[in-house]
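Read the structure below first, then the notes.
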Amino acid sequence: MDEERIKRIARAMCRAARLDPDKPAGNKGPYTMSMREPGYEGPQPAWMLFRKEAALFADRHRDVAGRL
């Protein structure tokens, strides 16, 4: 699955969790940044919290993710 599609899914998951996908993730509340993705300096956007789950979703549900 291409990276842009995974990013769109991760951003949607972030909005569903009532987080602004473009704001820094930070380390507050139930969502904490446990790892850093390569290529990001400084605070990472909140959608990165959902990137791994978005990739898993896209892999498991290719038929649905292919249309997103």
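Put simply, the side chain of Glu53 does not reach to within 4.5 Å of the side chain of Ile9, judged on heavy atoms.
Across all their heavy atoms, Ala58 and Ile6 have their closest contact at CB-CG1, 4.4 Å. Taking each heavy atom of Ala10 and Ala54 in turn, the nearest pair found is N-CB, 3.5 Å. Closest of all the heavy-atom pairs between Pro45 and Pro21 is CB-O, 3.4 Å. Heavy-atom minimum distance, Phe50 versus Ala17: CZ-CB, 3.7 Å.
To the nearest 0.5 angstrom, Lys7 atom NZ is 9.0 Å from Met48 atom CE. One finds the CG atom of Leu19 at 14.0 Å from the CH2 atom of Trp47 (value rounded to the nearest 0.5 Å). Note that CD of Gln44 and CG of Leu49 are 8.0 Å apart. Values are rounded to the nearest 0.5 Å.
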